[in-house]
Amino acid sequence: MAGRIITITSGKGGVGKTTTTGNLAVALAQLQRRVICLDLDLGLRNLDLILGLENRIVYDIMDVIEGRVRWRQALVRDKRIDNLSLLPAAQWREKKALAESQIQRLCQDLATDTDFVLIDCPAGIEEGFKNAVRPADEILIVATPEVSSIRDADRVIGLVEGIGKPPPQLILNRLRPAMVSRGEMLSVNDVVALLKINLIGVVPEDTMVISNTNLGMPVTYARHSHAGAEFQRIARRLIGEAVPFAPLEPANWLSRLSDAFSPNRKTLV
């Protein structure tokens, strides 16, 4: 049985998409699933840094696509977990160097030898986004509780619907409960009501994310990280476990923001 191909996207850059990809990969591997991370952010690769694998790269995705090596030769094995690997992006190539058909074939090949293929999607909604979304069986959208991020996520949802993919699921990142309680940040309920998609995880703001990322140590490894614990819960939900959420905060910004979003998402496509 082929593995599940999951694309992690956001529309807007800087919301923690690559960090989310790396941490979910580690969390799934910790659950004894075989995981291959595929970095499609050509020219701006960072997933290798998140995973602490930058010094182990010999080949990249373009070496595979252009036939210099087989994909198994290009995989970088994680130094901490045997069942986690990375196929890195090319550092000096543009996103247009990859064709959609090439990515489709590669993802199908990768899925034959693993339980999960996690695709780190480039930021934006141009050709790189389309290449990353087309092969996906499932799509996770990472957003932060900010108006600009939610609007970009809404746009991505429309594009995903427009190409006939299953409804994406939402990971809300960098939530600050204290700011929500003061009415200074969108609540979880606000965001879910605006985007109208299934929520699969809420990751709180956590200073350990930055320090661990700088060390090439995904925060999922940290014993006392709130964000790491939530990435582990999301991974358990992905494999079908019924993991309860903490109570959601009451909405308090929704009425002020409803005019910023189209009542008919199809107009955003």
Side-chain angles (χ1 to χ4, degrees), residues 3-10 14-41 45-57 75-89 110 114-121 138-145 168-177 188 199-246:
R4 293 159 61 185
I5 302 171
I6 301 178
T7 295
I8 295 94
T9 186
S10 62
V15 299
K17 169 184 54 61
T18 300
T19 299
T20 296
T21 304
N23 277 282
L24 285 183
V26 170
L28 287 166
Q30 289 173 332
L31 293 170
Q32 308 307 312
R33 269 55 178 187
R34 296 169 301 159
V35 184
I36 296 176
C37 292
L38 176 59
D39 190 346
L40 288 186
D41 201 355
R45 77 179 184 209
N46 285 307
L47 189 52
D48 56 314
L49 294 173
I50 298 292
L51 294 170
L53 299 176
E54 67 277 10
N55 294 327
R56 306 186 74 184
I57 294 174
L75 289 181
V76 182
R77 305 288 178 180
D78 191 271
K79 53 193 174 185
R80 304 177 189 97
I81 304 181
D82 289 339
N83 52 328
L84 173 60
S85 301
L86 168 68
L87 182 52
L110 296 176
T114 194
D115 298 309
F116 288 90
V117 177
L118 298 189
I119 300 176
D120 186 21
C121 180
E138 304 163 51
I139 296 166
L140 304 180
I141 294 180
V142 180
T144 56
Q169 299 191 84
L170 173 67
I171 296 175
L172 187 60
N173 195 26
R174 297 178 184 164
L175 187 78
R176 299 184 183 185
V188 177
L199 180 72
I200 194 170
V202 180
V203 182
E205 184 72 57
D206 187 340
T207 56
M208 291 185 72
V209 172
I210 296 175
S211 58
N212 277 49
T213 297
N214 289 337
L215 295 172
M217 176 80 71
V219 75
T220 307
Y221 287 114
R223 291 185 177 181
H224 304 294
S225 166
H226 296 299
E230 182 55 26
F231 285 124
Q232 291 171 334
R233 285 191 286 268
I234 296 169
R236 289 169 57 197
R237 293 181 189 118
L238 284 172
I239 66 171
E241 292 187 24
V243 182
F245 285 88

Trace of the side chain to side chain contact (heavy atoms under 4.5 Å, CB included) decision for V117 with R4: CA-CA 6 Å; V117 177; R4 293 159 61 185; over 6 Å; no
By the definition side chain to side chain contact (heavy atoms under 4.5 Å, CB included), identify the one residue from N23, T213, D78 that meets it with P218. N23
Report, as yes or no, whether the 6.0 Å neighbourhood of atom CZ on R77 holds more than 12 heavy atoms from other residues, nucleotides or ligands. no
Going through the distances and angles, do H226 and M208 end up as a side chain to side chain contact (heavy atoms under 4.5 Å, CB included)? CA-CA 9 Å; H226 296 299; M208 291 185 72; over 6 Å; no
Heavy-atom side-chain proximity of T220 to Q232 below 4.5 angstrom: yes
Shortest non-hydrogen separation from A222 to N212 and the atoms involved: CB-ND2, 4.0 Å
Which of N173, T20, L175, T144 passes side chain to side chain contact (heavy atoms under 4.5 Å, CB included) with V203? It is N173
Roughly how far, to the nearest 0.5 Å, is the CD atom of Q30 from the CD1 atom of I81? 5.0 Å
Verify, without hydrogens or angle tests, whether D206 (side chain) and S225 (backbone) share a donor-acceptor contact under 3.5 angstrom. no
Out of curiosity, E205 CD to R176 CZ, how far, rounded to the nearest 0.5 Å? 4.5 Å
State the OG1-CZ distance between T114 and R34, to the nearest 0.5 angstrom. 5.5 Å
Let me know which of D48, D41, L49 forms a side chain to side chain contact (heavy atoms under 4.5 Å, CB included) with R45. D48
Side chain to side chain contact (heavy atoms under 4.5 Å, CB included), that's the test. Do I8 and I119 meet it? Break it down for me. CA-CA 6 Å; I8 295 94; I119 300 176; over 6 Å; no
Hey, are the side chains of I200 and L170 touching, using non-hydrogen atoms and a 4.5 Å cut-off? no
Contact check, side chains of T21 and D39, non-hydrogen atoms, under 4.5 Å: no
To the nearest 0.5 Å, what is the distance between CD on E138 and CZ on F116? 7.0 Å
With a cut-off of 6.0 Å (strictly less than), are more than 12 heavy atoms of other residues, nucleotides or ligands near CG of N214? yes
Tell me whether K17 is salt-bridged to D120, with the criterion being a basic N under 4.0 Å from an acidic carboxylate O. yes
Whether E230 side chain and V202 backbone form a donor-acceptor pair below 3.5 Å: yes
Mind running side chain to side chain contact (heavy atoms under 4.5 Å, CB included) on I139 and T9 for me, showing each step along the way? CA-CA 7 Å; I139 296 166; T9 186; 3.8 Å; yes
Side-chain donor or acceptor of R33 paired with backbone N/O of L31 under 3.5 Å: yes
Determine the minimum heavy-atom distance between A27 and A235, stating which atoms define it. CB-CB, 3.5 Å
Rounded to the nearest 0.5 Å, what separation is found between the CG atom of L87 and the SG atom of C37? 10.0 Å
Determine, for F245 and R237, whether the Lys NZ or Arg CZ falls below 6.0 Å from the six-membered ring centre while staying within 45 degrees of the axis. yes
Under 4.5 Å between any side-chain heavy atoms of L40 and C121, yes or no? no
On a heavy-atom basis, the closest approach of A29 and N83 is O-ND2, 3.1 Å
Please tell me if the side chains of V188 and L172 come closer than 4.5 Å, counting only heavy atoms from C-beta onward. yes
Here the gap from L118 atom CG to I36 atom CD1, rounded to the nearest 0.5 Å, amounts to 10.0 Å
Checking N46 against T18 for the side chain to side chain donor-acceptor pair (under 3.5 Å) test, could you report, in this order, the C-alpha distance in whole Å, the side-chain angles of both residues, the deciding distance, and whether it holds? CA-CA 7 Å; N46 285 307; T18 300; 5.8 Å; no
Any R233 side-chain heavy atom under 4.5 Å of E241 side chain: no
